[in-house]
Amino acid sequence: MAAVMQLGGCSQLTQQVGRSQLPAARGLPCSIPRRHIGSRRQLRSLRTPTVCSASGQLNAQVAVVLGSQWGDEGKGKLVDILAQQYDIIARAQGGANAGHTIYDLEGNKYKLHLVPSGILNKEAQCVIGNGVVVHLPGLFEEIETLAGQGVTVDASRLKLSDRAHLLFDLHKEIDGLREAELAGKQIGTTKRGIGPAYASKATRNGIRAGDLRDPEAFAAKLRVLAKDGAERFEGFAYDVEADIEAYKGIAERVLPMITDTVEYINTSFESGARILIEGANATMLDLDFGTYPYVTSSNPSIGGVIAGLGIAPQKLQCVVGVVKAYTTRVGEGPYPTEIHGDLAEELREEGAEYGTTTGRPRRIGWLDIPALKYATRINGFTDLNLTKLDVLSKLETIRVATSYTFNGKVLESVPSDLPTLSAVEVGYEDLPGWQSDISGARTWDDLPENAQKYIRRIEELVGVQCTWIGVGPGREAMVVQDSKWIQ
């Protein structure tokens, strides 16, 4: 039976490879379960890789980096690496609930929430798109922190969409009151006001960055917004007049940054500019495709990129899904592969699994292939960036979830209803660990055989190449495989 190597991705092959040939080519077990490779199953190249430098040129005018799990996969690192090659780095959705930690070549650590991760490239323009909700005082706090670390962020480096909705302290207040109302059924939000800000946008009484150009109209809209909050929530405490006064100074600072970013992005594209788009949060937290209602309030999947920047889908070329070598989740909601006890604690400490934004300890689980395949279908990942492989280095055996079964039936996708997802029986495949330090690996051949086998098994099960393999937190701690897009 043949598995067709699909054209159109970042890592491709034009020939057909027989099912029995795949494991032999990898030195892996002699069969792949029928449910993973069938007559209609399309796989990308699983050839022996040609290794290239992490600084190799990515030959895609528009590239997208998205989270594939429940967030915290390490997207910022890849964006930071690729940003050195791009003219524009753009955020399309989410808010300050997204936390990206990046390191420069000297090992200095930077924590970002609203500022795009490409800010360390002094030659690049950073864009906060119309799909992002922005708390301006928080943005300027972040800018001041970066300035203290020697990174200049001003209107010459950062553009804010005039269509982006503003998040106010009243949204944070509402977020906390709303969680309190749920009494035992909390979503587990960051209480940063993200959901209420998107709610204001959806109910059409939100305030956009461009509204700051007219101080009187801005003040009138904010008073209406505050009145709505006071009428809806008992105990609502917010001084609207004080905020109106504060925003007079904020407006002076931010107005030079406010731009028609739809025009800017598209005109730049037409002029040949290279654009890198940075996702926030991840597909399993997507408002439509995630574990609703335990999700974020925007679309961190590919659709959010298009709507959040006003860029046409045919302009997107390389779409990279960032996937942690295990999984983590913050907050409530079903988590089929969750690990408990000492092992979870060990991996949490080894991987420093505490939220960049909240500091909350993350829940820990095994790599979930059904969820990853689901995210790959939705987003059309052309490549994967496998991160934090080094965190698993001490384990003797590593489990990979390969299937969900419910009432004796193997599920073909991630179920939408939470009772089913919470009750699925997870099928695992156990793989041998490598039990050696891989943090110094810089080429494929530097990786132990069992680490290579772990990567190959992921590629076989998902059908997408792990082009970037993270083996440590630093920018240089990356193994890169050959790809159509890398020169």
Candidate pair Gln69 and Leu367, rule side chain to side chain contact (heavy atoms under 4.5 Å, CB included), full reasoning: CA-CA 9 Å; Gln69 297 164 321; Leu367 181 61; 3.5 Å; yes
Side chain to side chain contact (heavy atoms under 4.5 Å, CB included) assessment of Ile486 paired with Leu58: CA-CA 5 Å; Ile486 297 178; Leu58 189 63; 4.0 Å; yes
Using side-chain heavy atoms (C-beta onward) and a distance below 4.5 Å, is [X] in contact with [Y]?
{"X": "Arg442", "Y": "Val471", "value": "yes"}
{"X": "Met478", "Y": "Asn385", "value": "yes"}
{"X": "Leu392", "Y": "Leu347", "value": "yes"}
{"X": "Lys77", "Y": "Ile81", "value": "yes"}
{"X": "Val134", "Y": "Val254", "value": "no"}

Distance-only polar pair, side chains of Asp445 and Thr443, donor-acceptor under 3.5 Å: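 No donor-acceptor contact under 3.5 Å links the two side chains.
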Val479 and Ile438: CA distance, side-chain angles, deciding distance, side chain to side chain contact (heavy atoms under 4.5 Å, CB included) verdict: CA-CA 10 Å; Val479 173; Ile438 62 170; over 6 Å; no
Verify, without hydrogens or angle tests, whether [X] (side chain) and [Y] (backbone) share a donor-acceptor contact under 3.5 angstrom.
{"X": "Thr101", "Y": "Lys111", "answer": "no"}
{"X": "Asn379", "Y": "Ala375", "answer": "yes"}
{"X": "Gln61", "Y": "Ala273", "answer": "yes"}
{"X": "Lys315", "Y": "Asn266", "answer": "no"}
{"X": "Gln149", "Y": "Lys109", "answer": "yes"}
{"X": "Thr327", "Y": "Trp366", "answer": "yes"}

Counting only heavy atoms from other residues, nucleotides and ligands, does the tally under 6.0 Å from [atom1] of [X] exceed 12?
{"X": "Asp430", "atom1": "CG", "result": "yes"}
{"X": "Glu270", "atom1": "CD", "result": "yes"}
{"X": "Glu123", "atom1": "CD", "result": "no"}

Please determine if [X] and [Y] form a salt bridge, counting it only when a charged side-chain N lies under 4.0 Å from a carboxylate O.
{"X": "Asp72", "Y": "Lys324", "answer": "no"}
{"X": "Glu449", "Y": "Lys453", "answer": "yes"}
{"X": "Glu349", "Y": "Lys394", "answer": "no"}

Derivation of the side chain to side chain donor-acceptor pair (under 3.5 Å) call for Thr283 and Asp286: CA-CA 5 Å; Thr283 301; Asp286 188 278; over 6 Å; no
Working for side chain to side chain contact (heavy atoms under 4.5 Å, CB included), residues Leu287 and Tyr292: CA-CA 7 Å; Leu287 185 59; Tyr292 186 90; 4.0 Å; yes
Tyr374 and Asp368: CA distance, side-chain angles, deciding distance, side chain to side chain donor-acceptor pair (under 3.5 Å) verdict: CA-CA 10 Å; Tyr374 172 75; Asp368 188 328; over 6 Å; no
Salt bridge (charged side-chain N to carboxylate O under 4.0 Å, His left out), paired with Glu353, selected from Lys388, Arg348, Arg329: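 Single pass found, and it is Lys388.
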